[in-house]
Undergrad: 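Have a look at this one.
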Number of protein chains: 2
Amino acid sequence: MGAITLDDVAIKAGVSAKTVSRVVNGERSVRPQTRERVLRTVEQLGYRPNLLARGLSGSHAYTVGLVYDNPNAYYIIAMQQGALAACDDLHFGLQMRPCNARAATLAEDLRDFVHRSRLSGLVLTTPVSEHMVALRKLAAFGIPFVRILSAARNPDDGYACVFVDDRDAAYAIVSHLLQLGHVRIGLLQGGKHHHASAERRKGYKDALQHYGIPVRKELMIDGDYVFDDGFRGARRLFDLAEPPTAIFGCNDEIAAGALAAAQSAGLHVPYDVSIAGFEDSPFSRHSWPPLTTARQRADAIVERATRMLVAQINGNTVENSGFTPELVVRGSTAPPRPKRQRRQRQ
Amino acid sequence: MGAITLDDVAIKAGVSAKTVSRVVNGERSVRPQTRERVLRTVEQLGYRPNLLARGLSGSHAYTVGLVYDNPNAYYIIAMQQGALAACDDLHFGLQMRPCNARAATLAEDLRDFVHRSRLSGLVLTTPVSEHMVALRKLAAFGIPFVRILSAARNPDDGYACVFVDDRDAAYAIVSHLLQLGHVRIGLLQGGKHHHASAERRKGYKDALQHYGIPVRKELMIDGDYVFDDGFRGARRLFDLAEPPTAIFGCNDEIAAGALAAAQSAGLHVPYDVSIAGFEDSPFSRHSWPPLTTARQRADAIVERATRMLVAQINGNTVENSGFTPELVVRGSTAPPRPKRQRRQRQ
DNA sequence: GCGAAATATGACAGCGCTGTCACGCTCGTG
DNA sequence: CACGAGCGTGACAGCGCTGTCATATTTCGC
C-alpha cells in the first residue's frame, strides 16, 4: 500500500527531501554525521526509492534494457543472469526484451522501447548487435549502448563492445579433432545472418589449412542453429561416399542433432564418429556421451557488457574487452577408428 | 531525443491533454469525431505513452511482474513468452524477476519489488505460488496476484489460480507404461519442496494401484529436478537385484539423466529399459531416442494466468481454470523385452 | 580574526501522465 | 420554453523523485 517516500524519511530525519536523495544516491557533499542519521532512518523505515519517480524525474531511469533475438533458451537465461547480476550490484533496474533483429524497423522499435521507459541504455546481443544500420541509428538517437559481438579483435569502430573470439575457439576445437587424427571433418554451420557462424567457419578452415588439409565443400553443410538442421545435416554427411570421421557443430544444439542422427543411424559416438559442439550449454553436459565443446560464459560476457554500459552512462570512459571461449574436452570426441574396423549397425 | 508527449499530441489535435489521455486509454466518453482526430494525430506523431509517467501518476503502473524460482531455462523462457504475449496484447508492461522462494523474507522481497515499480500485480509460478504464508502476506499487503499451481482441481481457497493437473498427467504416463506390459516401474522424483512432484508421485501410485500392482519403496528414488540426480537415481535403480524395466522421471531433465545413465551402462533404450519424462521440453525432442513425456504448455498456462491477473486488476471477476498436460508418446518407451533376452553390454 | 573559497543544505520547479471535479453543451420531458 | 440529466471536455493538482540554483554554514589562508 502506502510505500515509504523520500519525504517520510526527510521528516523523520529532520532534513530536506533533497538531502535524503543525495544520501541515497551516494553523492559526496553531505556531512558524514547527516549522512549517518539519514541512513539510519532509511534503514529503520525500510525506504526503497520508487523507480518510476526516479526515472521520470531524472534524465534517465537508472535502468538498462537487455535485447535479444535468439532461439536458445539456455543462452538467453545465462545472459539474463549476467545482466541481472550487474544491475543488482550497481543498483540499476533491468528490462529484458526479445525482439526481431530482422525487422525493418529494428532501430525504431528499440528507440520506442527506450523512450517509453526512459531506459538509460541498451545491452545488445547477437545478432542484433551486428546490425550496423540499426547501430548507427541508435547512436544518432543518442541512445547509449554496448554490444556483444563475435570478432577476433577489437573492431575499434567507435561503438563500445565486448568481443568474443569465436574464430579462435573454433580453431581450438578443430585442432583438437585434427590432433586426435581426424582428417575428414564435417562442419554443420549456424544461421547465415549470425556473424559468429562465419567466424566459426573461419576457425574451422584455418585449422585445416594449418594442418595442410584441404577444405572440402561437401563437408560443409548450411543450416540454422537448431536441432533439426543438425540432425539433417549429419545425415547428409553420413550418406557421403566417404563420410567424415568427426563433425563440428556450430553450436551445441546442432551437435545434439548430429548426435541423435549418429545414434539413430546405429553409429557409436565417439568410436564411429566424433562430435563436437560449441557453447557449453547444459545440453552438452546432459547428453550421452557428453559433448566436447567450447565454454562460452554468456553470463560473464553479458555481465561485463552491462557494467561497461553503466560506466558509460555514468560518463566514464570505457575500454572494449574480449573473451575467448575455452575448449572443453568430453566424451564425444576420440581418435578415429581404423577404417576397416568401422561398423554399421542397423 | 525528446520523445513525443501527450501535450504535443494535444496541441496538434487542438484538444486538451486529458482528452488525448482518454482516447489513448480507450475511455468511452469521447465523441467519435474527436477520438478519430486524436488517433490520427497520435499515429502521425508516433506518440507512445511514457510508462514511467503513467505509472507514477496512476494508482498502478499497468505493469505486471512475473516471478519465478526455477533452474529450468526452457521452462522459464516459455513462461516469459506466455506472459509477454498477454502483456503485449493487453498493453501492459512486464517485469520478469527470478527470486528465492525459500527466503524467509519472500513476501517482503516481493512487496518491495512491487512497490518500487508500482507493479499492478504479480504472476506467481511454482514453487513461489505454493508458499501459503507468503500468499497470505501478499494478500494482506493488498497486492493482486494470480498463481499457477499443481492440483487436480480448483483449490477454491479464495486466491485466483490456474491449476495444472500433474497427477492426472503422471497417471497417463504410468498407465501408458503399464499398458505396454511393464510391471516394475521406477520413479525418479523431483524436489521435495515442489508440490508438483508430490502430485506426480500420486499419479504414479494411483496408476499402479489401478492395475493392481504393489507400490515398492525401493523403486521410488528421491532427488531434485536436475540431470545429475536423474543420472544417479537411475544408476541406483539399475543396480537393484531386480531392476525396473521402465523409469518415469518427474521432469525431462531427470529423464535425460536417466537416459544418459542407461546409455553409459550399455543399456539400449527403449529395448532394455523404457524411459519417460515430463514437460515436453526441447530436450525431450532432442535426445536420442526422443522422450515420451507429458506436454505442459507453460507458455499457454502463464499467458492465461497473466490475462486473469489483468482482468482482476481491471476489476473484473475471474474464474479459476485448469490445464491437464497431455501424453506424448515417443521413441523412449516400448514393451519390455522378455527377461532372458535382456543383454548387458560393457 | 576577516573575507573568500569551499562545502553543505534547502526551496522550488517540473518530468508526463492520470484522478478529480467543475463546467458547458445537448437532449428529452412536462 | 424552462429544467434537470447526462455526456463531452478541460483545468488543475499531484504522483515521488531529481536538476538547478540560491542560501547557509564551515574551512582556510594570511
Side-chain angles (χ1 to χ4, degrees), chain A residues 1-38 42 45 47-63 91 93 112 114-120 313-315, chain B residues 1-38 42 45 47-63 91 93 112 114-120 313-315:
Chain A
M1 272 299 47
I4 290 99
T5 72
L6 260 193
D7 269 329
D8 298 333
V9 179
I11 291 167
K12 185 115 195 275
V15 295
S16 76
K18 181 64 200 176
T19 298
V20 179
S21 166
R22 287 195 178 95
V23 171
V24 170
N25 292 299
E27 288 179 38
R28 215 150 303 201
S29 62
V30 179
R31 225 179 332 162
Q33 167 191 351
T34 313
R35 170 187 307 279
E36 200 47 51
R37 183 153 36 98
V38 169
V42 163
L45 262 43
Y47 166 74
R48 322 273 353 241
N50 179 314
L51 264 24
L52 297 174
R54 201 206 304 247
L56 183 59
S57 167
S59 49
H60 62 97
Y62 299 88
T63 295
H91 300 293
D112 286 349
V114 167
H115 278 170
R116 283 170 66 89
S117 299
R118 257 215 178 93
L119 298 183
S120 313
I313 290 162
N314 289 335
Chain B
M1 208 74 266
I4 289 97
T5 73
L6 261 193
D7 269 330
D8 298 333
V9 179
I11 291 167
K12 186 117 194 271
V15 294
S16 75
K18 182 63 199 174
T19 297
V20 179
S21 167
R22 287 195 178 95
V23 171
V24 170
N25 291 299
E27 287 179 40
R28 215 149 308 198
S29 62
V30 178
R31 222 179 336 160
Q33 170 191 349
T34 313
R35 169 186 309 278
E36 200 47 52
R37 182 153 37 97
V38 169
V42 164
L45 260 43
Y47 167 73
R48 322 274 351 241
N50 179 316
L51 265 22
L52 298 173
R54 208 216 290 258
L56 183 59
S57 166
S59 49
H60 62 97
Y62 299 86
T63 296
H91 299 293
D112 287 349
V114 168
H115 278 170
R116 284 170 64 90
S117 300
R118 256 213 180 95
L119 297 183
S120 313
I313 290 162
N314 289 336

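In what follows, every chain begins at residue 1, and chains take the letters A, B, ... in the order their sequences are listed. Note that these values count all heavy atoms, side chains included, but never hydrogens, waters or copies made by symmetry.
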Undergrad: Would you say the side chain of Y62(B) lies within less than 4.5 Å of the side chain of I313(B), judging by non-hydrogen atoms?
TA: no
Undergrad: Can you give me the closest heavy-atom contact between G58(A) and R118(A), atom names plus distance?
TA: O-NE, 3.9 Å
Undergrad: Starting at CD1 of I11(B), measure out to CG of L6(B) and round the result to the nearest 0.5 Å.
TA: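 So the gap between those two atoms works out to 11.0 Å.
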Undergrad: Please tell me if the side chains of T34(A) and V15(A) come closer than 4.5 Å, counting only heavy atoms from C-beta onward.
TA: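 Yes, their side chains come closer than 4.5 Å.
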Undergrad: Could you report the tightest heavy-atom contact between R37(B) and A13(B), atom names first, then the distance?
TA: NH1-O, 2.5 Å
Undergrad: Across the strands shown, which category fits T5(A) at heavy-atom distances under 4.0 angstrom: base, sugar-phosphate, nothing?
TA: sugar-phosphate
Undergrad: What's the angle between the local helix axes at either end of the helix from dG1(C)-dC30(D) to dG30(C)-dC1(D), using five pairs per end and rounding to 10 degrees?
TA: 30°
Undergrad: Would you list the pairs meeting side chain to side chain donor-acceptor pair (under 3.5 Å) in which at least one residue belongs to residues 10-19 of chain B, sequence neighbours left out?
TA: S16(B)-T19(B)
Undergrad: Taking all atoms of both residues into account, what is the closest heavy-atom pair of S120(B) and H60(B), and its distance?
TA: OG-ND1, 2.6 Å
Undergrad: Rounded to the nearest 0.5 Å, what separation is found between the CZ atom of R28(A) and the CZ atom of R35(A)?
TA: 9.5 Å
Undergrad: So do the side chains of D8(B) and T5(B) get within less than 4.5 Å of each other, counting heavy atoms only?
TA: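 A side-chain contact exists here, since the closest heavy-atom pair is under 4.5 Å.
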Undergrad: Expected output is a numbered-order residue list: members of residues 31-38 of chain A with a heavy atom under 4.0 Å from any atom of DNA chain C. What is it?
TA: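 Contacts with DNA chain C under 4.0 Å: R31(A), T34(A).
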Undergrad: Within residues 6-24 of chain A, find the residues that approach DNA chain D with a heavy atom at under 4.0 Å, and present them sorted by residue number.
TA: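 The answer is L6(A), K18(A), S21(A).
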Undergrad: Could you state the interatomic distance from CG (D112(A)) to OG (S117(A)), rounded to the nearest 0.5 Å?
TA: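 Here the interatomic distance stands at 10.5 Å.
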Undergrad: Nearest 0.5 Å please: distance from the CZ atom of R116(A) over to the CG atom of N50(B).
TA: 8.5 Å
Undergrad: Quick check for you: name the first and last nucleotides of DNA chain D, 5' to 3', having an atom under 4.0 Å from a heavy atom of chain A.
TA: dG16(D) to dT20(D)
Undergrad: Find which nucleotide of DNA chain D each of L56(A) and S59(A) is nearest to by heavy atoms, and output the residue with the more 5' nucleotide.
TA: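 The 5'-side residue here is L56(A).
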Undergrad: Using heavy-atom distances to pick each residue's nearest nucleotide on DNA chain D, tell me which of V30(B) and G58(B) is more 5'.
TA: V30(B)
Undergrad: Could you measure the distance from the CZ atom of R54(B) to the CG atom of L52(A)? Nearest 0.5 Å is fine.
TA: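 Here the rounded value is 12.0 Å.
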Undergrad: Tabulated below should be each protein N or O lying under 3.5 Å from an N or O of nucleotides 25-28 of chain C; please produce it.
TA:
none

Undergrad: So V24(A) and P49(A), do their side chains get closer than 4.5 Å, heavy atoms only?
TA: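 Yes, their side chains come closer than 4.5 Å.
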Undergrad: What distance do I4(A) atom CD1 and H115(B) atom NE2 have between them, rounded to the nearest 0.5 Å?
TA: 8.5 Å
